[in-house]
**Student:** 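Dropping the structure in here first, questions after.
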Amino acid sequence: MCTVCGCGTSSVEGKPVEATDGHSHEGPGGDAHAHDHGHRHDHDHDHAHGHGHSHDRDSAGEHASAPIDFGAGAAGVHVAGLSQDRIVRIERDILGKNNGHAAENRARFARTGTFALNFVSSPGSGKTSLLARAIGELKDRLKIAVIEGDQQTSNDAQRIRAAGAPAVQINTGKGCHLDAHMVGHGLDQLKLEHGGVLFIENVGNLVCPAAFDLGEAHKVVVLSVTEGEDKPLKYPEMFAASDLLLLNKSDLLPHLDFDTGLCLANALRINPDLQTLIVSAKTGEGMPAFYAWLEGRAARRARATAHHATAKKN
């Protein structure tokens, strides 16, 4: 988890904006967005790296069978020079502020009946290809907009626009995930159609995006068959936080030694409520099932919004 790693400088189409790091960055249109996040950035620890134990290799064989677990503490992460309690406090502070922005985004989606999905994966899983195919095949049935997250370039936003949907690119710089405040800035540049769908393509990373609510209805984790059946066990937080798993690149299965059943079993071991679909962004295999999942939930969201608006008038 990266809530203490210092990442977060971002830009929307090349314009720096504030992330959740508590600093002021120039926002869209050149505005400054200075926010006091109520925590101090002074470092009340020294950076000496004395570990108080020997690194001699006499007992190497003794340690060979067990991993060195730096995630066993209360915070679930180790940061040199910080106590577990201090890490927990920092994470609560950052995530609390993020959740406030996520609530604002969620209220915005509710007003327009927008069905927002947060697509997460490791780099190279085929997220952009999958979304581009979905846009091409659904653009006459659904009003789709896209927020693209990457550390650099606008390549993916250009691909999405070419597929037929409006897209805003958010570049995170050294940041390894989108946060709700960045997405809020992206929404300022998108026109959300009533009853439409918003695809948020997160930065390729199976770790940090799991912790950050963007205001979405669901996280959709995309895993490709080239990545190995044990990915859900290696990165459990992401699979636990997601509602749908799209196992992509099924067209490559005849050429790989990949156990589909084992992969899905591992995912369900982490999250028994996880829905799973096997798809190919290249051939279209399994995509109709994903579209049915998507359209059913988008229609339900639109009906709920219309019902709420009617009840409010009455």
**Student:** If you compare all heavy atoms of A211 against all heavy atoms of L95, which two are closest, and at what distance to 0.1 Å?
**Tutor:** O-CD2, 3.7 Å
**Student:** Answer yes if L192 and I160 sit in the same cluster of Ile, Leu, Val, Met, Phe, Trp and Tyr residues linked by side chain heavy atoms under 4.5 Å apart, and no otherwise.
**Tutor:** no
**Student:** For residues 291-301, which residue pairs pass the salt bridge (charged side-chain N to carboxylate O under 4.0 Å, His left out) check, not counting sequence neighbours?
**Tutor:** R141-E295
**Student:** Quick one: are F115 and L198 in side-chain contact, heavy atoms under 4.5 Å?
**Tutor:** no
**Student:** Give a yes or no on whether the backbone of S224 and the side-chain of E227 come within a donor-acceptor separation of less than 3.5 Å.
**Tutor:** yes
**Student:** Specify the closest pair of heavy atoms between K127 and S122, including all atoms of both residues, with the distance to one decimal.
**Tutor:** NZ-O, 4.2 Å
**Student:** So with a 6.0 Å cut-off around NZ of K282, is the heavy-atom count from everything else above 12?
**Tutor:** no
**Student:** Considering only residues two or more places apart or on different chains, which pairs with a residue in residues 204-226 satisfy salt bridge (charged side-chain N to carboxylate O under 4.0 Å, His left out)?
**Tutor:** R106-D213, E216-K219
**Student:** List the atom of L223, the atom of C263, and the distance in Å for their closest heavy-atom pair.
**Tutor:** CD2-SG, 3.5 Å
**Student:** Is there a continuous path of hydrophobic side-chain contacts, each under 4.5 Å between heavy atoms, that joins L277 to V221?
**Tutor:** no
**Student:** Side chains of L245 and F239: does their closest heavy-atom pair fall under 4.5 Å?
**Tutor:** yes
**Student:** Report the residues that fulfil salt bridge (charged side-chain N to carboxylate O under 4.0 Å, His left out) with R92, sequence neighbours left out, ordered by chain and then residue number.
**Tutor:** none
**Student:** So, N98 side chain and A180 main chain: donor-acceptor pair closer than 3.5 Å or not?
**Tutor:** yes
**Student:** Do T276 and L247 come within less than 4.5 Å of each other through their side chains, counting heavy atoms only?
**Tutor:** no
**Student:** Are side-chain N/O atoms of S250 and E285 paired as donor and acceptor at under 3.5 Å?
**Tutor:** yes
**Student:** Do Q152 and D150 pair up side chain to side chain, a donor and an acceptor below 3.5 Å, judged on atom types alone?
**Tutor:** no
**Student:** Any side chain to side chain donor-acceptor pair (under 3.5 Å) involving residues 229-243? Give me the pairs, sequence neighbours left out, ordered by first then second residue.
**Tutor:** H218-D243
**Student:** Who pairs with R133 by salt bridge (charged side-chain N to carboxylate O under 4.0 Å, His left out), at least two apart in sequence or on another chain?
**Tutor:** E137
**Student:** For E104, give me all partners under salt bridge (charged side-chain N to carboxylate O under 4.0 Å, His left out), at least two apart in sequence or on another chain.
**Tutor:** none
**Student:** Test of understanding: clusters of I, L, V, M, F, W, Y form through side-chain heavy atoms closer than 4.5 Å, transitively. Do V220 and V207 belong to the same one?
**Tutor:** no
**Student:** Within the side chain of R161, is there an N or O that forms a donor-acceptor pair under 3.5 Å with the backbone of A167?
**Tutor:** yes
**Student:** Looking at every non-hydrogen atom in both residues, tell me the closest pair between A281 and S129 and how far apart they are.
**Tutor:** CB-C, 3.9 Å
**Student:** Between the main-chain N or O of A74 and the side-chain N or O of Q84, is there a donor-acceptor pair closer than 3.5 Å?
**Tutor:** yes
**Student:** Go through the structure and list residues passing side-chain hydrogen bond (donor to acceptor under 3.5 Å, both in side chains) with S125, not counting sequence neighbours.
**Tutor:** S121
**Student:** With D259, which residues qualify under side-chain hydrogen bond (donor to acceptor under 3.5 Å, both in side chains), at least two apart?
**Tutor:** none
**Student:** Quick one: sort the F290 and W293 rings into parallel, tilted or perpendicular, breaks at 30° and 60°.
**Tutor:** parallel
**Student:** Does L264 form a side-chain contact (heavy atoms from CB on, under 4.5 Å) with T260? I'd like the steps, not just the answer.
**Tutor:** CA-CA 6 Å; L264 297 181; T260 302; 4.2 Å; yes
**Student:** May I ask you to decide if H194's main-chain N or O and K143's side chain share a donor-acceptor pair within less than 3.5 Å?
**Tutor:** yes
**Student:** At what distance, to the nearest 0.5 angstrom, does CG of L138 lie from CG of L294?
**Tutor:** 6.0 Å
**Student:** Could you tell me which non-hydrogen atom of C208 sits nearest to which non-hydrogen atom of C176, and how far apart they are?
**Tutor:** SG-SG, 3.4 Å
**Student:** Hey, is R89 close enough to D93 for a salt bridge, meaning N to O under 4.0 Å?
**Tutor:** no
**Student:** Taking only residues two or more places apart in sequence or in another chain, which ones pass side-chain hydrogen bond (donor to acceptor under 3.5 Å, both in side chains) with E193?
**Tutor:** none
**Student:** Can you list the residues that meet the salt bridge (charged side-chain N to carboxylate O under 4.0 Å, His left out) rule with E148, with sequence neighbours excluded?
**Tutor:** none
**Student:** In plain terms, say whether D188 and R108 are close enough for a salt bridge, that is, a side-chain N and a carboxylate O under 4.0 Å apart.
**Tutor:** yes
**Student:** Verify the distance criterion only: is there a donor paired with an acceptor across the side chains of D156 and T128 at less than 3.5 Å?
**Tutor:** yes
**Student:** In chain order, what residues pass the ring pair (Phe, Tyr, Trp, His ring centres under 6.0 Å) check against H78, with sequence neighbours excluded?
**Tutor:** F70
**Student:** Would you say L244 ends up clustered with L117 if hydrophobic residues are merged whenever their side chains have heavy atoms under 4.5 Å apart, either directly or through other cluster members?
**Tutor:** yes
**Student:** For S280, give me all partners under side-chain hydrogen bond (donor to acceptor under 3.5 Å, both in side chains), at least two apart in sequence or on another chain.
**Tutor:** D251, T283
**Student:** For the hydrophobic clusters of this structure (ILVMFWY residues joined by side-chain heavy atoms under 4.5 Å, transitively), does one cluster hold both L214 and I144?
**Tutor:** no
**Student:** Taking atom CG of L178 and atom CG of N118, what is their separation to the nearest 0.5 Å?
**Tutor:** 7.5 Å
**Student:** Can you name the nearest heavy-atom pair linking L206 to M238, along with the distance?
**Tutor:** O-CB, 3.5 Å
